[in-house]
Amino acid sequence: LPVDWTRVSFFWADERAVPTADPESNYGLARALWLAPAGVPEDRVHRMPAGATDLEAAATAYEAELCRVLGDPPRIDLALLGVGPDGHVCSLFPGHRLLQERRRWVAALDDAPKPPPRRLTLTLPALAAARLVVVAALGPSKAEPIRSALAARDSPLPVAQVLRGAQPTLLLLDPEAAAGLP
């Protein structure tokens with residue numbers, strides 16, 4: 001069935017504090033490759049204001065936007081996430097303090113372990129509240145974090161925490177990312 005893009009709202013799970021034209025901009029990439037070609041109306045696109053000088057205020061503003069559009073507490077219908085070779089999802093990195101956040105839906109960070117350090121991200125509670133979380137892992141560099149996340153019930157990896165906290169979840173793996181699974 002064709003998708004009526006005028007009825008779909010798009011939110012971001014995380015964004016780097018870079019200009020929209022920067023190749024590291026999640027919004028810029030999504031706009032160029034998906035949203036503009038699909039004709040998604042601008043009023044359906046709720047991008048994270050990660051370019052703001054005050055990232056804490058930007059996180060608060062985006063949290064308010066989530067609640068305004070999705071209800072309070074906000075509940076995303078489908079969260080489509082990637083996973084990094086270190087097991088991070090969104091801008092939730094292994095061992096980072098934001099993995100302990102339990103009250104906020106959106107958080108700012110200025111100490112991401114990979115560049116750029118300034119970012120906005122959804123938190124684990126926001127992801128756990130989603131109606132469906134889909135994690136896409138492609139390529140050989142994703143095999144170890146996926147194996148680790150699924151092998152240990154108490155894996156501290158962010159991807160494991162998301163998979164444990166959100167129900168239901170769906171993993172999309174190519175053969176290389178699935179290579180470490182039994």
Side-chain angles (χ1 to χ4, degrees), residues 3 8-18 22-35 37-38 40 45-48 50 66 74-102 105-107 109 111-182:
V3 174
V8 177
S9 292
F10 290 84
F11 293 88
W12 266 247
D14 76 320
E15 183 60 282
R16 300 166 183 104
V18 296
D22 190 299
E24 292 289 315
S25 170
N26 292 329
Y27 169 78
L29 191 60
R31 167 80 21 227
L33 298 178
W34 181 9
L35 302 174
V40 175
V45 178
H46 305 271
R47 62 185 279 220
M48 283 185 155
L66 284 172
R75 188 154 189 215
I76 297 167
D77 288 324
L78 183 137
L80 177 60
L81 310 175
V83 60
D86 61 354
H88 83 270
V89 291
C90 301
S91 285
L92 300 170
F93 294 94
H96 196 276
R97 63 181 162 73
L98 286 182
L99 293 173
Q100 306 310 312
E101 177 61 55
R102 296 294 178 257
W105 303 105
V106 181
L109 63 156
D111 60 349
K114 64 181 270 193
R118 292 175 37 84
R119 300 162 180 245
L120 292 178
T121 188
L122 293 182
T123 62
L124 289 174
L127 296 172
R131 287 183 170 81
L132 173 64
V133 172
V134 177
V135 176
L138 307 172
S141 68
K142 311 302 171 63
E144 179 50 32
I146 293 300
R147 185 206 61 73
S148 177
L150 296 177
R153 285 188 181 276
D154 60 347
S155 171
L157 288 178
V159 67
Q161 292 185 50
V162 168
L163 293 172
R164 283 194 306 269
Q167 294 299 318
T169 59
L170 175 66
L171 276 170
L172 300 177
L173 308 174
D174 66 5
E176 290 143 332
L181 300 178

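It should be emphasised that the depicted structure is a prediction, and the values quoted were computed from it without experimental measurement.
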Student: May I have the step-by-step check of side-chain contact (heavy atoms from CB on, under 4.5 Å) for V134 and L81, ending in yes or no?
Tutor: CA-CA 6 Å; V134 177; L81 310 175; over 6 Å; no

Student: Atom CG in L138, atom CG in D174: separation rounded to 0.5 Å?
Tutor: 5.0 Å

Student: Is the closest side-chain heavy-atom distance between V40 and V8 below 4.5 Å?
Tutor: no

Student: Taking the side chain as every heavy atom from C-beta outward, state whether F93 and P158 have any pair of such atoms under 4.5 Å apart.
Tutor: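 Result no, sub-4.5 Å side-chain heavy-atom pair not found.
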
Student: Taking R119 for its side chain and S91 for its backbone only, find out whether a donor-acceptor pair lies under 3.5 Å.
Tutor: no

Student: Roughly how far, to the nearest 0.5 Å, is CG of D86 from CG of L157?
Tutor: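 Going from the CG atom of L157 to the CG atom of D86 covers 8.0 Å.
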
Student: About how many Å separate CD1 of I76 and CG of L66, when rounded to the nearest 0.5 Å?
Tutor: 6.0 Å

Student: Could you check whether any side-chain heavy atom of M48 comes within less than 4.5 Å of a side-chain heavy atom of N26, counting everything from C-beta outward?
Tutor: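 No - every pair of side-chain heavy atoms lies 4.5 Å or more apart.
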
Student: So, Q161 side chain and P156 main chain: donor-acceptor pair closer than 3.5 Å or not?
Tutor: yes

Student: If only atom types and distance count, is the side chain of R153 paired as donor or acceptor with the main-chain N or O of L150 below 3.5 Å?
Tutor: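 Answer holds: no.
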
Student: Show, in sequence, the C-alpha distance, side-chain angles and deciding distance for T123 and R102, and conclude whether the side-chain contact (heavy atoms from CB on, under 4.5 Å) test is met.
Tutor: CA-CA 8 Å; T123 62; R102 296 294 178 257; over 6 Å; no

Student: If I compare all heavy atoms of A79 with all of L127, which pair ends up nearest, and what's the gap?
Tutor: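 Reported closest heavy-atom pair: CB-CD2, 4.4 Å.
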
Student: Between the side chain of E15 and the main-chain N/O of R47, is any donor-acceptor distance below 3.5 Å?
Tutor: no

Student: So do E24 and P115 actually touch side chain to side chain, heavy atoms under 4.5 Å?
Tutor: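 With C-beta onward as the side chain, the pair stays apart.
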
Student: What I'd like to find out is whether the side chain of V45 reaches to under 4.5 Å of the side chain of Y27, using heavy atoms alone.
Tutor: yes

Student: As an exercise, state the distance from CD1 of I146 to CG of L181, rounded to the nearest 0.5 Å.
Tutor: 7.5 Å

Student: Can you confirm whether P117 sits close enough to D111 that some side-chain heavy atom of one is under 4.5 Å from a side-chain heavy atom of the other?
Tutor: no

Student: With no hydrogens and no angle check, is any side-chain donor or acceptor of R75 less than 3.5 Å from a backbone partner on A129?
Tutor: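 Between the backbone of A129 and the side chain of R75 there is a qualifying donor-acceptor contact (under 3.5 Å).
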
Student: Take R164 and S155 through the test side-chain contact (heavy atoms from CB on, under 4.5 Å) and record every step on the way to the result.
Tutor: CA-CA 10 Å; R164 283 194 306 269; S155 171; 4.2 Å; yes

Student: Do any N or O atoms from the side chain of Q100 and from the backbone of H96 form a donor-acceptor pair under 3.5 angstrom?
Tutor: no

Student: Do R97 and L109 come close enough that some side-chain heavy atom pair is under 4.5 Å?
Tutor: yes

Student: Which class fits the ring pair W34 and F10: parallel under 30°, tilted 30 to 60°, perpendicular over 60°?
Tutor: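 Taking F10 first and then W34, their aromatic rings stand perpendicular (interplane angle over 60°).
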
Student: Are V135 and T169 packed together at the side-chain level, in the sense that at least one heavy-atom pair is separated by less than 4.5 angstrom?
Tutor: no

Student: With rounding to the nearest 0.5 angstrom, report the CG to CG distance, L78 to L132.
Tutor: 5.0 Å

Student: For the residue pair L99 and G95, what are the closest heavy atoms and their distance?
Tutor: CD1-N, 3.7 Å

